[in-house]
Structures are given as structure tokens and as C-alpha cells.
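Read the structure below first, then the notes.
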Amino acid sequence: MPPPAPRACFGRDELIEEIIGYAENLTPFALIGAGGIGKTSIALVILHHHRIKQRFGENRRFIRCDQFPASVAHLLNRLSKVTGAGIENPEDLTPLYPFLSSREILIVLDNAESILDPQGMDAKQIYGLVEELCRLETICLCITSRISAIPSECEVLDVPTLSTSAARDTFYRIYRKREQPNLIADILEQLDFHPLSITLLATVAHQNKWDTERLTREWKKRRTSTLKTVHNESLAATIELSLASPLFQELGPNAREFIGVIAFFPQGINEDNLDWLFPLVSDGIHILDKFCILSLTYRSNGFITMLAPLRDYLSPKDPKSSPPLCTVKEHYFARLSVQLNPNKPDFGETRWITSEDVNVEHLLDVFTTIDADSAGVWEACVKFVEHLYWHKQRLVILKPKIERLPEDHPSKPKCLWGISLLLGSVGNDGEKKRLLTHALMLSRERGDDKDVAEMLNQLSDSNRMMRLYDEGIQRGREALQIWESLDDAGGLANCLINLAWSLQEDGQLDAAEETAFRTINLLSEKGDQYQLCQSHRLLGIIYRSKGEIEKAIHHFEAALGIASSLDWRDVLYWVHYGLAGLFRDEDRFEDANAHIDHAKSFVGNNAYSLGRVMELQAEVWYHQGKLEEAKSEALQATDVYEKLGAVRDVEDCSKLLQRIGEQTNG
């Protein structure tokens with residue numbers, strides 16, 4: 001008879017129902033997944049299910065394939081004994097046919113990776129034998145395996161991790177203290193809801209009589225090394241069993257380091273990047289395929305990744321001492337080092353950061369801790385935030401480390417400047433100004449006029465966004481003097497654009513118009529299409545403020561033409577945003593909504609831009625009298641702004657919601 005079923009198996013009801021359907025129809029099936037994912041528990045639940053008992057009666061058999069040598073002879077002997085066929089030392093299935101075909105039998109081959117490993121003893125013959133079993137009409141074969149190399153006759157079910165609620169139930173079935181459940185929920189999430197890891201953690205905490213705070217401290221300090229019970233059950237043993245597979249060993253001595261690199265990165269490795277991340281690995285795709293076959297990794301949105309507990313265990317404990325990881329780091333840094341210029345034809349290639357940003361951020365977070373004296377690491381930080389500024393505006397975890405750098409650190413001003421730009425791009429202008437002020441002080445001390453001019457220029461912009469127009473204009477004119485003395489046309493043009501923006505928002509429309517046209521004249525000589533495009537967009541805003549609608553549309557369309565031809569998604573977003581606002585003012589709501597839809601299509605990963613366009617949509621709904629729709633959009637926009645710390649925008653949304661409320665009550 002099979003071993004008893006587990007006392008509890010949470011969160012598997014739908015999967016079990018699907019499997020029972022296969023079993024009742026005598027359809028062979030395989031449960032595939034990483035070690036500790038729950039394959040054996042599910043198989044035992046199936047064997048003891050009342051519908052399975054009713055269908056198969058006593059003919060339910062369970063064979064632990066890791067308890068005998070991987071050979072055809074041993075498998076046939078075990079099969080004959082367990083099923084009750086009583087044939088001594090059968091050479092193949094033929095003498096077992098009369099018995100096996102005389103009754104319906106459910107047979108579980110548990111831990112079948114030990115016999116199905118393609119590099120194992122008698123691998124081909126064993127595979128053929130299992131195929132024969134699958135084809136017998138009276139046999140329902142259930143295979144549980146870490147290896148996905150199973151007969152094609154089987155229905156394959158990839159066993160997933162647990163749901164949040166099932167993970168919680170699994171944990172508290174063993175660890176019954178329910179104080180501070182949020183701390184436990186955080187740890188369960190960090191374990192990727194992996195059943196064995198959760199069970200081990202709960203068991204360790206229960207055996208040691210830890211309260212929740214002690215459990216949390218131990219987890220933070222030791223991570224997956226915590227997962228070892230007093231009876232030596234451990235996550236390490238389960239993972240090492242997979243690494244001991246002949247299929248893994250066949251990959252050679254470097255396979256462990258290769259999988260360690262995958263484990264290091266939260267996203268894993270992008271398959272499309274193998275050529276530049278691992279230029280010396282000629283068969284990288286082949287190796288990655290083998291990792292997936294072994295259920296050590298899985299494919300997700302173009303990445304080869306793995307469950308969090310496996311990542312934590314397999315990741316290099318000393319990243320600086322891992323040659324493959326250091327090589328990958330240098331390749332990432334080299335790709336970050338390119339000059340970010342939207343006027344250059346290869347600018348679009350730098351958008352790779354939008355899919356790799358989490359990996360790069362983790363890489364920098366680790367190496368700025370363990371290699372803090374390396375100038376290259378901090379230079380890479382600056383380039384990373386610049387990449388995000390252009391392609392994926394969001395907050396980063398590196399800010400506190402940058403602020404803690406010594407004042408005389410050579411990279412500190414540039415790092416502060418880069419983080420400040422990123423903060424400004426998500427609407428957090430107060431923090432942008434604070435960091436820029438700090439960076440400006442350091443740059444002045446070092447006598448770097450160009451950096452000082454750049455800091456002043458950006459301070460002008462942050463003051464404008466905070467509606468401190470006098471200070472913004474003053475800073476802009478200080479920067480302008482320095483750029484003129486440096487005879488730097490690019491810096492001068494950028495400064496003039498920011499100054500024109502401040503003048504426009506301060507209501508000095510003629511001065512803003514004159515400054516914007518000065519920029520266009522300068523850029524026509526310089527040939528900077530990106531700044532030229534921005535100047536046309538600004539003139540669209542200025543003429544909209546003046547009520548000269550045709551001129552405004554003309555300049556918006558000029559900007560649209562340049563941006564469309566060069567695929568500048570950020571500019572396309574803002575031009576459509578500007579046109580939507582213009583048509584809203586003119587009560588041309590159909591046109592406004594059309595441009596809002598266009599703007600949304602260019603939001604990409606920028607939460608702040610999404611908030612802005614939702615706020616504008618709320619304004620349009622409000623003007624159309626669609627108050628419920630307006631309130632919903634404004635509330636969503638407020639939520640986005642609050643998370644980003646965009647104070648000015650939160651205030652604007654609050655005023656809009658107040659107007660909506662007054663209109664509703666009225």
C-alpha cells in the first residue's frame with residue numbers, strides 16, 4: 001500500500017481535481033517541478049482520494065525510484081514486486097503483461113528523475129520501459145520528477161508555488177504563533193511561496209520556540225541557511241540533490257559558477273543577451289536548456305530565472321571572488337558607459353535598460369557595498385540613473401548610499417546630480433532641489449564651472465516646478481552667464497529652454513517667446529534636433545497661454561513631426577499631452593480624448609507620466625460633466641503622486657477633487 005497522505009495540502013484543489021480527471025480516464029501524467037515544490041505530497045493526496053479509491057480499489061501503487069539503483073533490471077523487479085505480479089527477475093515487460101493488463105492499476109513513480117536522467121545508467125532503456133507503461137490501456141502512470149525529460153504520452157503538469165493564502169496556511173499549520181502576521185507574510189513572499197522552504201522555516205521556528213521577532217531576526221541574518229531542522233532536513237540537501245544529477249554533472253565544472261550568476265540576479269539572465277554577457281561561452285543556450293530540464297530554472301518573459309530560495313542558496317557568497325560574475329559585471333558596466341544622446345542613431349539601443357533595470361540596480365547595490373572604493377562602480381551608478389532618466393523614470397534604492405558618500409568623494413556631485421534628475425522626472429521636486437543644492441555646493445568647491453552651470457540649470461527647473469518662479473529665473477540666468485562664458489552651445493540651448501519655461505509659467509509670455517525663438521535660432525545652427533523639438537513644444541505651450549491657438553497647433557505639430565521621425569517616445573508623450581490640454585481648453589473634447597489616448601500609448605514604464613495623463617483625463621471628464629469618471633481618474637492619479645512624493649501634483653489633484661465634489665453637491 002502507498003504511504004499515508006499528508007495531513008494537509010493547501011492551495012492545490014484545482015490541480016488535484018485536474019489530475020483526478022486524468023487518472024479516472026487512465027491518462028498518464030507527470031508532475032514536474034523544482035525540489036520541494038510539493039510533487040510527492042500531491043501524488044499521495046491523489047492516491048488516497050475517495051474517487052481514486054473507488055476507481056482503483058487496492059490497485060494503487062507507489063514506487064520510490066530513488067531507493068534502488070537506476071537500471072532496467074532493478075526497475076522491473078521493483079515493479080513486479082510492488083504491483084503483485086510475482087515475476088522473478090523479468091528481463092522486460094512481456095512476462096508482466098498478463099498481470100498488468102488484467103486490472104486497472106494506478107502506479108506512481110516518485111522521484112523519477114533518479115531513473116529518467118538522460119545521462120544516467122541504462123537511461124535509454126529505462127525511458128523506453130516507462131514509455132511502454134504509459135501505453136498500457138489498463139495502467140494509469142503518475143510520474144513525479146524534477147527532470148522534464150519524460151515520455152511524450154504523459155500529460156505534463158508544472159507544479160506551481162503556493163498562493164499567498166495557501167503559503168500562510170502551510171506555515172501556521174506548524175508554527176501556531178500568530179503575532180505580527182505582516183512580518184511573516186514578508187518572509188513568505190521572500191521565499192517565493194516555495195512549500196518546502198515554508199515548511200522548514202515553520203519547523204525550525206517551532207522546534208526552537210522562537211517568537212515572531214526572533215524568527216524575523218534569524219531570517220534577516222541567515223536567510224536560507226536558517227532552513228535546516230534538528231533532524232538535518234534542509235533546503236541545501238534538496239538543492240544539492242539536483243546538482244548531483246548526472247545531467248548537471250555532464251555540463252562540466254563551470255556549470256555551478258554559471259548557475260550562480262543566474263542566481264545572483266533577481267530577474268535571472270535575459271536569453272537575448274547571452275552573446276554580450278557571456279561572449280566566451282559558446283553553448284550558453286544549451287546549458288540554459290539543461291538547467292530548465294532539471295527544474296533548477298524556468299523561463300519567464302524572456303529571462304531564465306529561478307525561485308527565490310534557490311537564488312539565495314546558489315548565489316555567490318563572495319561576489320568579488322566569482323570570475324564569471326565579475327565578467328558579467330564589467331559587460332554591464334561597459335554597456336552603461338555609452339553616451340546618451342537622443343540625436344544619435346544608436347540612442348534607441350540604450351532602451352535595453354527598461355528590461356534589465358532590476359538586475360543592474362541589484363548589481364550596483366551589492367558592489368557599492370563590497371567594492372565601495374572603486375571609482376568604476378560609482379561611475380556606473382551615474383550612468384545607470386541617466387539611463388533610467390531617459391527610458392524608465394522610477395525611484396531607486398541607491399539614493400541613501402550616495403548621500404552617505406564622503407563629501408570629498410570624486411563621484412559624489414555627479415551621483416547626487418543623477419539621482420536628483422530621476423527624482424524630478426517622477427515629480428519629487430523638493431528632493432530634487434535639496435540634492436541639487438548639495439551637489440552645487442560640492443561642484444563650486446571643486447571649481448568645475450561646467451558642472452556648476454548644469455546644477456544651476458537644473459535648479460532653475462526644480463524651482464519652476466515648485467512654482468518658485470523668481471528663484472527659478474534667477475538660477476537660470478546665473479547658469480546662462482556661465483554657459484555663455486564657456487561658449488558651450490548645447491548647454492546654452494538647454495539653459496535657454498529651461499529659462500523660457502520659467503518665464504512662461506510666471507506669465508512673462510513675451511519674454512518666454514523671445515527666449516524660445518532665441519533657442520530655435522541657436523539650434524538651427526547647431527543641428528540639435530532633440531532640443532529643437534522641445535523648443536517647438538514649448539512654443540506650443542506659450543501660444544496656447546496667449547490664446548493664439550493656430551500658432552500653438554503649428555508648433556505642436558512641428559514637434560510631433562520631429563519626434564515621430566526619430567521615435568522619441570518621451571517627447572511624443574508630452575506633445576500629445578500638450579495638444580490634449582489645448583483641445584480641452586477649447587472644449588473640443590473628442591480631440592482632447594484622442595490625444596490623451598495617444599499620450600497613454602507612450603507612457604511606457606513611467607508612473608509619473610501615467611499620473612499626469614490620468615489627471616488630465618479627469619479634467620476633461622470634469623469639463624464634460626462626467627463627474628464620477630472624473631473623480632475615479634483623479635483619485636488614481638493622486639495615489640500615483642503620493643507614492644512618488646510628487647507634492648505639487650498631489651495638491652493639484654486635491655483642488656480638482658474639491659471642484660468635482662462641489663459640482664456634485666451642487
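What you see is a predicted model, and the numbers here were worked out from it, not measured in a lab.
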**Request:** Would you check, one step at a time, whether the test salt bridge (Lys or Arg N to Asp or Glu O under 4.0 Å) holds for E379 with K412?
**Result:** CA-CA 10 Å; E379 288 168 8; K412 186 163 186 175; over 6 Å; no

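- Between D429 and K433, none of the side-chain N atoms (NZ, or NE/NH1/NH2) sits under 4.0 Å from a carboxylate O, so this pair counts as no salt bridge.
- Here the side chain of N341 pairs a donor or acceptor atom with the backbone of N343 at under 3.5 angstrom.
- When ring centroids are compared, F278 and H331 stay outside the 6.0 Å threshold.
- Counting only N and O atoms by type, the side chains of K392 and N606 include no donor and acceptor under 3.5 Å apart.
- Between R434 and E403, at least one side-chain N (NZ, or NE/NH1/NH2) sits under 4.0 Å from a carboxylate O, which counts as a salt bridge.
- For the pair R467 and D652, the salt-bridge criterion is met [side-chain N within less than 4.0 Å of a carboxylate O].
- A salt bridge does not link D451 with R446: every distance from a Lys NZ or Arg NE/NH1/NH2 to an Asp or Glu carboxylate oxygen is 4.0 Å or more.
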**Message:** Could you go through Y530 and W390, starting from their C-alpha distance and side-chain angles, then the distance that decides it, and tell me whether this counts as ring-ring contact (aromatic ring centres under 6.0 Å, His included)?
**Reply:** CA-CA 12 Å; Y530 187 83; W390 282 104; 5.2 Å; yes

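- Checked against the 6.0 Å centroid threshold, F291 and H286 do not count as a close aromatic pair.
- For Q190 and R223, the side-chain atoms include at least one donor-acceptor pair closer than 3.5 Å.
- Between K401 and D365 a salt bridge is recorded (basic side-chain N to carboxylate O distance below 4.0 Å).
- Ion pair E431/K399 flagged as a salt bridge, since at least one NZ, NE, NH1 or NH2 atom sits closer than 4.0 Å to an Asp/Glu carboxylate oxygen.
- Of the candidates S295, S245, S242, R146 forms a side-chain hydrogen bond (donor to acceptor under 3.5 Å, both in side chains) with just one, namely S242.
- Using modelled atom types, one finds no donor on one side chain facing an acceptor on the other under 3.5 Å when comparing E356 with H387.
- A salt bridge links D488 with K450; the closest basic N to acidic carboxylate O contact falls under 4.0 Å.
- H194 contributes no side-chain N or O that, together with a main-chain N or O of A34, makes up a donor-acceptor pair within less than 3.5 Å.
- At a threshold of 4.0 Å, the pair R168-E189 does not count as salt-bridged, since none of the basic side-chain nitrogens sits closer than that to a carboxylate oxygen.
- The two residues L436 and S462 come nearest to each other via the heavy atoms CD1-OG, 4.4 Å.
- Residues W276 and Y332 place their aromatic rings such that the two centres sit under 6.0 Å apart.
- We find that D357 and R394 are joined by a salt bridge, their nearest charged nitrogen and carboxylate oxygen being less than 4.0 Å apart.
- A distance-only check finds a donor-acceptor pair linking the side chain of Y641 to the backbone of G611 [under 3.5 Å].
- Classification of K220 and E213 as a salt-bridged pair fails, no side-chain N sitting under 4.0 Å from a carboxylate O.
- A 4.5 Å side-chain heavy-atom check between L325 and F265 finds at least one atom pair inside the cut-off.
- There is no side-chain donor-acceptor pair under 3.5 Å between R569 and Y573.
- A donor-acceptor pair under 3.5 Å is absent between the side-chain atoms of K290 and the main chain of L247, judged by distance alone.
- In summary, the aromatic rings of F602 and W574 are positioned with their centroids too far apart to meet the 6.0 Å limit.
- No side-chain donor-acceptor contact under 3.5 Å links Q180 to the backbone of T212.
- If you run side chain to side chain contact (heavy atoms under 4.5 Å, CB included) between L227 and each of T199, I198, L201, L196, only L201 comes through.
- Between L307 and the options D312, T297, T161, a side chain to side chain contact (heavy atoms under 4.5 Å, CB included) holds for only T161.
- Under the side chain to side chain contact (heavy atoms under 4.5 Å, CB included) test applied with Y577, the options L572, V603, L616 reduce to a single match, L616.
- Of the charged side-chain nitrogens involved, at least one lies within less than 4.0 Å of a carboxylate oxygen, so that E505 and R648 count as a salt-bridged pair.
- Using a distance-only test at 3.5 Å, with no hydrogens or angles considered, no donor-acceptor pair links the side chain of K600 to the main chain of V613.
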